[in-house]
There are 2 protein chains.
Amino acid sequence: MKLSSRTEYGVRAMIELAEAHGGGPVAVREVAEKQGISEKYLEQLFAALRKEGLIASQRGAQGGYTLAKAPGDIRVGDIVRALEGPIALCDCLANGEDDAVCHRMGECAAHPLWVKLQDGITSILDSTTLQDMIAGASGDSANDMGGNSEEESRDEQDLP
Amino acid sequence: MKLSSRTEYGVRAMIELAEAHGGGPVAVREVAEKQGISEKYLEQLFAALRKEGLIASQRGAQGGYTLAKAPGDIRVGDIVRALEGPIALCDCLANGEDDAVCHRMGECAAHPLWVKLQDGITSILDSTTLQDMIAGASGDSANDMGGNSEEESRDEQDLP
DNA sequence: AGTAAATCCTACTGATTCGGTAGGAATTAT
DNA sequence: ATAATTCCTACCGAATCAGTAGGATTTACT
Ligand code: FES
Ligand code: FES
């Protein structure tokens, strides 16, 4: 019940890219400095994000990274999965009904709760896009956030 | 995004106690064997659960543990907190509004999401009691579980 | 009284994960 | 050519995790 710094950093970095979306590529160094993250470490996170097709790279001088899709098409869940693999709360929930689920499932009264919890988490993560975050609001579902909508709105606005 | 075996084991063990509620104390060994958990390890989990007042112990021969309250009064969230400390998804969420929250909060577009996620998790965990679990159903909220209600009902039934 | 069954307490350990460094090869705008 | 940048892979120290170990204390039962 603690999100790794991979996730924290990754999401913050992606927000940075989302805010720069439409302009040119952004260098890792720049994002790292703005967010106070180790540059070399962030480099590795970006590699993972690129491998999953969430961001695109431009090599060489003046290069950097850009979002591979519109901010509205990238869900936080996608970022988390890219950085940590499938969201599986415990081994008993071998995500995807495929294989190797717990042999105790039939008799385990806890199992339905883990399923519910995992679904809850996944649904929150997948109902929020980068667009939602930089706009200050959250995803769709009934359940809305605390409600402190800061009035400082970022500049960018893009129509692909 | 992975629950520790402390949590998994702890909850399963508490379910075991809940099912035995009303009868005499249950020894650690018995729970450990039924659930396939290391006895000595479980012993430590029980120590933590007792310290938090969720279970009570009876020392000496024929001793063991019993729930300290009715199964309906023990929420899964209580168990998790007893075993892992306050549920805080990240340091930026120094649970309880007290101190040392992130200095980046004002400018951090991710923060509201973490709050939302943490609230979601907490609310699921706190809306499910041991009673709910051994009865096969989940907590209150609109969102209900998969719905596979096994017909094997355990024996115990108690009115305190 | 004696014994066996149990909780209680604390220290240690091996493995894994985490967060981060390090160094350098390949690519590209200027 | 050069400087800026991504890319790749290996390594490292610290922390956490899951579990062991051993023994002191308490208590029911005979
Ligand atoms: S122990 Fe595997 S489903 Fe609960
Ligand atoms: S970095 Fe602390 S609130 Fe986002």
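The structure displayed is predicted, hence computed values, not measured ones. The chains referred to below are lettered A, B, ... by the order of the sequence lines, with proteins before strands, and numbering in each begins at 1.
- With C/dG23, D/dT6, C/dC8 as the choices, the nucleotide that has an atom nearest any side-chain atom of A/K40 turns out to be C/dG23.
- The distance from the CZ atom of B/R12 to the CD atom of A/E107 is 9.0 Å, given to the nearest 0.5 Å.
- Applying the 3.5 Å distance criterion, the base of C/dT7 shares a donor-acceptor pair with the side chain of B/R59.
- Checking C/dA4, D/dA3, C/dC8 against the side-chain heavy atoms of A/A61 singles out D/dA3 as nearest.
- Remark: P of D/dA15 and CD of B/E84 are 19 Å apart, rounded to the nearest angstrom.
- Residues from residues 41-58 of chain B lying near DNA chain D, meaning a heavy-atom separation below 4.0 Å, are B/Y41, B/Q44, B/Q58 in numerical order.
- A sub-4.0 Å separation between OP1 or OP2 of C/dG19 and a side-chain N or O of A/S38 is absent.
- When rounded to the nearest whole Å, the span between CD of B/E39 and P of C/dC9 equals 17 Å.
- For the residue pair A/K34 and B/R104, the shortest heavy atom distance occurs at O-NH1, 3.3 Å.
- Contact between A/A48 and A/L83 at its shortest, heavy atoms only, is CB-CD2, 4.1 Å.
- When distances run from any side-chain atom of A/A27 to the nucleotides D/dT5, D/dT20, D/dC7, the shortest one goes to D/dT5.
- Separating the CE atom in A/M133 from the CD atom in A/E19 is a distance of 10.5 Å, to the nearest 0.5 Å.
- Nucleotide C/dT7 holds its P atom 11 Å from the CG atom of B/L17, rounded to whole Å.
- The closest donor-acceptor contact from the side chain of A/Q118 to the backbone of A/L89 lies under 3.5 Å.
- Salt bridge absent: A/K116 and A/D119 never bring a charged side-chain N and a carboxylate O closer than 4.0 Å.
- Of the options B/D132, B/L130, B/T129, a side chain to side chain contact (heavy atoms under 4.5 Å, CB included) to B/P71 is made by B/L130 and by none of the others.
- Without hydrogens or angle criteria, B/S127 side chain to B/I124 main chain gives a donor-acceptor distance under 3.5 Å.
- Atom P of nucleotide D/dG19 and atom CD1 of B/I37 are separated by 9 Å, given to the nearest angstrom.
- Annotation for B/V26 and B/A20: closest pair CG2-CB, 3.6 Å, computed over non-hydrogen atoms.
- Taking a 4.0 Å limit (strictly below) on heavy-atom distances, residues 2-14 of chain B does not reach DNA chain C anywhere.
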